[in-house]
2 protein chains.
Amino acid sequence: MIKVVIIGGGNLATHLYQTLSLADHIEVIQIYNRNLKHLKFVQDPELAISDSAKIKDADLYLLAIKDEAIAEFAENLSGKDGIIAHCSGSQNLNQLSKMKNYGVFYPLQSFSKDKPVNFKKIPICIEANNTANLKRLKEIAHQISDQVFEVDSEQRKALHLSAVFVNNFTNHLFTIASDYCEENELPFNILLPLIRETVAKIDTLPPYSAQTGPALRNDQKTISAHLEMLNPDRKKIYTILTESIQKVHGKKL
Amino acid sequence: MIKVVIIGGGNLATHLYQTLSLADHIEVIQIYNRNLKHLKFVQDPELAISDSAKIKDADLYLLAIKDEAIAEFAENLSGKDGIIAHCSGSQNLNQLSKMKNYGVFYPLQSFSKDKPVNFKKIPICIEANNTANLKRLKEIAHQISDQVFEVDSEQRKALHLSAVFVNNFTNHLFTIASDYCEENELPFNILLPLIRETVAKIDTLPPYSAQTGPALRNDQKTISAHLEMLNPDRKKIYTILTESIQKVHGKKL
């Protein structure tokens, strides 16, 4: 059995605990959080600890904590032989360079506390300080996911930034549409089939080829009509994204 | 049987033909296009016509043609008793006010030529010049869709504009992420599970509540690091959407 200690008490720590606990060849031997209150999700209360001095020897320590806390917390583990891996998209591998064995174990997904996730389909991005640790981390990741990728620190940062575009910014466009529907006494739900189709399309087409709409057609009449309907903040977003579509697709501005 | 004539030869006309032909109480008696070449998808070649003078009497004429062509083409039908309905999201009902009976039959979806669609789940937005025609159009729409909405011209324009945000702009964010991944030698597919989750979340949460990310957390360190990684065009988009998230969610700028 591979012995794992999880550090953290947030969404990611919760989901990692739930998934790793169910994996065949993995045993979660401890979960640490400074505040035991945040570890109520741990089924066996003996596993939950709040004293970092009591952290046991393990094969892997997963730091599912805030970016700012990674380097500092790792000092508590500097005597350990097991692999110490952080789970952050934006932090360099070398944040852990004072450890003996270290790496990155970054699941590329947006986690919500109460929404169960199927880790099998979540890409896990792996990096490590040497090939032996890389191999080991990959093996462990494969215990819970079918999609394991070797990704270096620069690429991982690029992925994290891409995730802001496809998740955070996309969701904000949904928020704007939802507010705008509400102002016009329309149920936002009426847009859900279109949203689902938008995503279904890129299963088979690259998004570049799936592009449609007034910006791509350079339909100035519709674009002007739309701009007149928007408040200044939304107008700015509409304008800049329309210009970007036209530039990327080589349309005249 | 309800007799329907379809005007048009594009994506929407194709999908309407395919769906209406299969409906129990509907008979598509003709499809008109100026150019017969665009009507190759019509299974019974006798139904395809290119001479507007030969358009038969029907209960409903569906104008699945370009916005600019609606009013002009409708003049060919001004003697008809059947309901003449356009299928545009952005055009006013009164584009057809010279007709006897008229309305709007707007399916809120993005259609691709070769991708089959399930009309049952596509919202159809209905409007008409009187309650009798409204009722009739609703009955017909219910033959092919479970989601039929009464939507006036102003609301329909608001929906059409919302669709630009949730479909066109969202797809463009995917394009930017895809280009950026390619530049960093990463497969865009690695982002698909996150994209699917972004959409799955708003099935249960309003998008406002589903928002996450550095902008919402006001995580200036990550925001600055991201901005340094982007070219000027992408930086502009990142900045404006970050500011919008912070404004909409009441964060300090």
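Chain naming here is simple, since letters A, B, ... match the order of the sequence lines and numbering starts at 1 in each. Predicted, not measured: the structure shown is a model, and the values here were computed from it.
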Would you mind checking if A:K135 and A:E139 are paired as a salt bridge, meaning a charged N to carboxylate O distance below 4.0 Å? yes

Taking the ring centre of each residue, are B:H15 and B:F119 less than 6.0 Å apart? no

Check each atom of B:E185 against the heavy atoms of chain A and say whether the ones under 4.5 Å are side chain, backbone, both or neither. both

Less than 4.5 Å to any heavy atom of chain B: does that hold for the side chain of A:L241, its backbone, both, or neither? both

Max heavy-atom pairs within cutoff under 4.5 Å with chain A, candidates B:T170, B:V117, B:V151, goes to B:T170

Salt bridge check: are A:K247 and B:D233 linked by an N-O gap of less than 4.0 Å? yes

Below 4.5 Å from any heavy atom of chain B, which atoms of A:D179 appear? Answer side chain, backbone, both or neither. side chain

Whether A:K157 and A:E127 form a salt bridge (side-chain N of Lys/Arg under 4.0 Å from carboxylate O of Asp/Glu) is what I want to check. no

So, do A:H86 and A:Y106 have ring centers that fall under 6.0 Å from each other? no

Salt bridge flag under 4.0 Å for residues B:R196 and A:D203: yes

Of the backbone (N, CA, C, O) and the side chain (C-beta and beyond), which part of B:V164 lies under 4.5 Å from a heavy atom of chain A, both, or neither? side chain

For the residue pair A:I122 and A:F111, establish whether any side-chain heavy-atom pair is separated by less than 4.5 Å. yes

Please classify the contact of B:Q109 with chain A as side chain, backbone, both or neither, using a heavy-atom distance under 4.5 Å. both

Ranked by heavy-atom pairs below 4.5 Å to chain B, first place among A:L108, A:L159, A:N168 goes to A:N168

Sub-6.0 Å ring centroid separation between A:F165 and B:F174: no

Given a strict heavy-atom distance threshold of 4.5 Å, which part of A:I176 is in contact with chain B: side chain, backbone, both, or neither? side chain

Toward chain B, the part of A:P206 with a non-hydrogen atom under 4.5 Å: neither

Proximity breakdown for B:F188 and chain A, heavy-atom pairs closer than 4.5 Å: side chain

Does any heavy atom of chain B fall under 4.5 Å from the side chain of A:Q155, the backbone, both, or neither of them? both

Considering only heavy atoms and a distance below 4.5 Å, find which of A:G213, A:P123, A:A177 pairs most often with chain B. A:P123

Which residue is it: B:T175, B:N171, B:L191? I am looking for the one with a side chain to side chain contact (heavy atoms under 4.5 Å, CB included) to A:I202. B:N171

Tell me, out of B:N184, B:L186, B:I240, who's got the most heavy-atom pairs with chain A below 4.5 Å. B:L186

Salt bridge (Lys or Arg N to Asp or Glu O under 4.0 Å) between B:E228 and B:K221: does it pass, once the steps are laid out? CA-CA 11 Å; B:E228 272 180 33; B:K221 214 174 153 189; over 6 Å; no

Which answer fits A:F149, side chain, backbone, both or neither, if we ask what part of it has an atom under 4.5 Å from a heavy atom of chain B? side chain

Just wondering, do B:S178 and A:Y208 contact through their side chains at under 4.5 Å, heavy atoms? no

Measure B:S110 against the heavy atoms of chain A and call it side chain, backbone, both or neither at under 4.5 Å. both

Is B:L161 close to chain A through its backbone or its side chain, or both, or neither, when contacts mean heavy atoms under 4.5 Å? both

Best-contacting candidate, A:Q211, A:E197, A:K121, against chain B by heavy atom pairs under 4.5 angstrom: A:Q211

Which portion of B:T222 sits near chain A, non-hydrogen atoms under 4.5 angstrom: side chain

Output the option from B:N167, B:D67, B:I237, B:V248 having the highest count of non-hydrogen pairs under 4.5 Å with chain A. B:N167

Taking B:T14 for its side chain and B:G10 for its backbone only, find out whether a donor-acceptor pair lies under 3.5 Å. yes

Proximity breakdown for A:L205 and chain B, heavy-atom pairs closer than 4.5 Å: neither

Specify which of B:K201, B:K236, B:E154 makes the most heavy-atom pairs with chain A at under 4.5 Å. B:K201

